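For reference, the structure discussed in these notes is given below.
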Amino acid sequence: MRASQEDFESAMNQVKLLKKDPGNEVKLRLYALYKQATEGPCNMPKPGVFDFINKAKWDAWNALGSLPKETARQNYVDLVSSLTSSSESSTQVKPGADRGQQEYENLVVTSEDGITKIMFNRPTRKNAISTQMYQEIMLALKAASKDDSTITVVTGNGDYYCSGNDLANFTDIPPGGVEEKAKQSAIMLRDFVGTFIDFPKPLVAVVNGPAVGISVTILGLFDAVYASDRATFHTPFSHLGLSPEGCASYTFPKIMGPAKSCFSFQATEMLIFGKKLTAGEACAQGLVTEVFPDSTFQKEVWTRLKAYSKLPPNSMRISKQVIRNMEKEKLHAVNAEESSVLQERWLSDECINATMNFLSKKAKL
Ligand SMILES: CCCCCCCCCCC/C=C/C(=O)SCCNC(=O)CCNC(=O)[C@H](O)C(C)(C)COP(=O)(O)OP(=O)(O)OC[C@H]1O[C@@H](n2cnc3c(N)ncnc32)[C@H](O)[C@@H]1OP(=O)(O)O
C-alpha cells in the first residue's frame, strides 16, 4: 500500500508537532521530499553561491532527480514516521553517547521493531562515502552487532543508494604524501570490508536507487539484497583505473557463475568492463534477492523485514554462522589481497587521471 494524500497531510501536521528539532539535514530532506511530492522534479533556477540557505534547499530538492511524486510522498511519510517514533517508542541510536562525542554526521541510524537501520545520509553527494563516513559505517555496524536488534539494514537517503567511494578522498593528502595516503587507505578499506565479513547478525541491503563501486561490491557479503526497480548496479573500476574490492573478485564469480564452472563471464563483464546492470539483471544473476516496483518498494520491504525480525534471533545468528563461517578465512584473505593491489592502483597514472577528470568536472561515469 502506498501512502495516501491523507497520510501525507497527516505527516505534514506531525512535523509541526515534533518535540525535538530534527536538525538541518533532516529539515532539508523533508523540504526536498515535500517539494518533489507536490511539484515533481526541481523546477527552480539554481540560486547563487552566496545565497546559502536557498542553495542548500535547491541542492536537496535537485538531488532527488526524477524520483516519482508517489515515492517522494511515501518517503516523506516514512521519514516523519521514523522521526516521531524515534522521539517516542524507538531509540535514535546515538553512538556519540557511547563515544562521549557527537552523533553521526553522514548516517541516520535508528532502531525500531527489532531492526537497526543504517541509512547513508549525504543525498546531495549521491551518498558518496567520504573517509569519515567509512569510519562512521564501521562504528554503526559494530554498535548494531551488539545492540538488541535482530536484523541490521543498510539503505540510502534520497534518489541514490550510494555512488561509491567519494572521489574527493583522493584530494586529502597527509604530510607523508600520496604514498602514505594510499597505505592508510588500504588499511581503512581492509578494516571496512572486514567489518562486513565478520558481521554476526542477518544483514540486509535495501537498495533504494542506483548503486556504484564499493556499495555494489560489498553486496556479496550481505544476507539479502532487496532492490527498487529504479536501482542499477555499476562497478566502473577499469574506467577509474582501479580494480575490484569488497571481496567481489571472489564473491561475484561465485554468485553469478554457472554451477559447473569456477568462472563467470557475467562477473567479469561487470568487474572488468564496467557493465551496468539493471535491478532485474542483477536479480537474474543472483546479486539481488528480489526486485520491487519503486512505488511499493518501501512498504513491501519493511513489512517483510518486520515479520523476519520477529523470528528467534539466536537461531538466525547461528544459521548465519553455519552458512558463512567456512568462507570467512578465505574472504579475509581475498580482502587483504584486493586492498594491497588497490594501494598500488591508487598511485597509477590511470587512476590519478580518471579521478582528476571527474573532480575537474570533465567526466562522469
Ligand atoms: C591516494 C589514495 C586515496 C584513496 C582513497 C580511497 C579509499 C577507499 C576506496 C575504496 C574503493 C572504492 C571504489 C569505488 O567506489 S569506485 C566508484 C566511485 N564512484 C564514482 O566514480 C561515481 C562518480 N559520480 C558520478 O559519476 C556521478 O556523480 C553519478 C553518476 C553518481 C551521478 O550523476 P548525476 O548527474 O545524477 O549527479 P551529479 O554528478 O550532479 O552528483 C551530485 C553531486 O554529487 C557529487 N558526487 C556524486 N558522486 C560522487 C562521488 N562518488 N565522489 C565525489 N562526488 C560525487 C557530484 O560531483 C555532484 O557534485 P556537484 O553538485 O558539486 O557538481
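Both ligands and their constituent atoms are indexed starting at 1 by order of listing. As the structure is a computational prediction, the values presented were derived from the model and not from experiment.
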Exercise. Would you tell me whether Gln343 and Ser339 have side-chain atoms, one donor and one acceptor, within less than 3.5 Å of each other?
Key: no
For atom 16 (S) of ligand 1, the closest protein heavy atom turns out to be Leu240 CD1, 3.6 Å
Could you tell me if Asp59 and Thr124 have a donor-acceptor pair between their side chains, going purely by distance under 3.5 Å?
no
Q: Determine whether the aromatic ring centres of Tyr226 and Phe297 lie less than 6.0 Å apart.
A: no
Q) Do Lys361 and ligand 1 have an N or O pair less than 3.5 Å apart? A) yes
**Prompt:** Should Leu242 be counted as touching ligand 1, given the test is an N or O pair under 3.5 Å?
**Reply:** no
heavy-atom search around atom 57 (O) of ligand 1 in the protein gives Phe358 CZ, 3.5 Å
Between Arg345 and Glu245, is there a salt bridge with N-O shorter than 4.0 Å? no
Main-chain N/O of Leu67 paired with Gln36 side-chain donor or acceptor, under 3.5 Å = yes
CZ (Arg190) and CD1 (Ile197) are apart, to the nearest 0.5 Å, by 10.5 Å
query: Any nitrogen or oxygen of Arg125, main chain or side chain, under 3.5 Å from a nitrogen or oxygen of ligand 1?
result: yes
Exercise. Would you say Thr235 contacts ligand 1, with heavy atoms under 4.0 Å as the rule?
Worked result: no
Per-atom filter on ligand 1: closer than 4.0 angstrom to a heavy atom of Lys126 are 36 (O), 37 (O), 41 (O), 42 (C), 47 (C)
Can Asp113 and Lys310 be counted as an ion pair, charged N to O under 4.0 angstrom?
no
For Gly164, the atoms of ligand 1 under 4.0 Å from one of its heavy atoms are 15 (O)
Within 4.0 Å of some non-hydrogen atom of Thr124, the atoms of ligand 1 are 42 (C), 43 (C), 44 (O)
- Is Ile214 close to ligand 1, meaning an N/O of one under 3.5 Å from an N/O of the other? yes
Numbered in order shown, the ligand 1 atoms found under 4.0 Å of a heavy atom of Ala128 are 49 (C), 50 (C), 51 (N), 52 (N)
For Asn325, I'd like to know if atom CG has over 12 heavy atoms of other residues, nucleotides or ligands within 6.0 Å.
yes
Atom 32 (C) of ligand 1 has as its nearest protein heavy atom Tyr160 OH, 3.4 Å
Please report whether ligand 1 has a polar contact with Ser163, defined as an N or O pair separated by less than 3.5 Å (distance criterion only). yes
Under 3.5 Å: N/O of Asn165 near N/O of ligand 1: yes
For Tyr134, the ligand 1 atoms with a heavy-atom partner under 4.0 Å come out as 8 (C), 9 (C), 10 (C)
For atom 53 (C) of ligand 1, the closest protein heavy atom turns out to be Asp166 OD1, 3.1 Å
* Asked: Does OH belonging to Tyr34 count more than 12 external heavy atoms closer than 6.0 Å?
  -> no
Atom 13 (C) of ligand 1 sits nearest the protein heavy atom Glu245 OE1, 3.2 Å
Practice problem: Please confirm whether the backbone N or O of Gly156 pairs with a side-chain atom of Asn208, one donor and one acceptor, at under 3.5 Å? | Solution: yes
| message | Between Asp166 and Arg125 (salt bridge meaning N to carboxylate O under 4.0 Å), is one present in this structure? | response | no
For atom 34 (P) of ligand 1, the closest protein heavy atom turns out to be Lys364 NZ, 3.8 Å
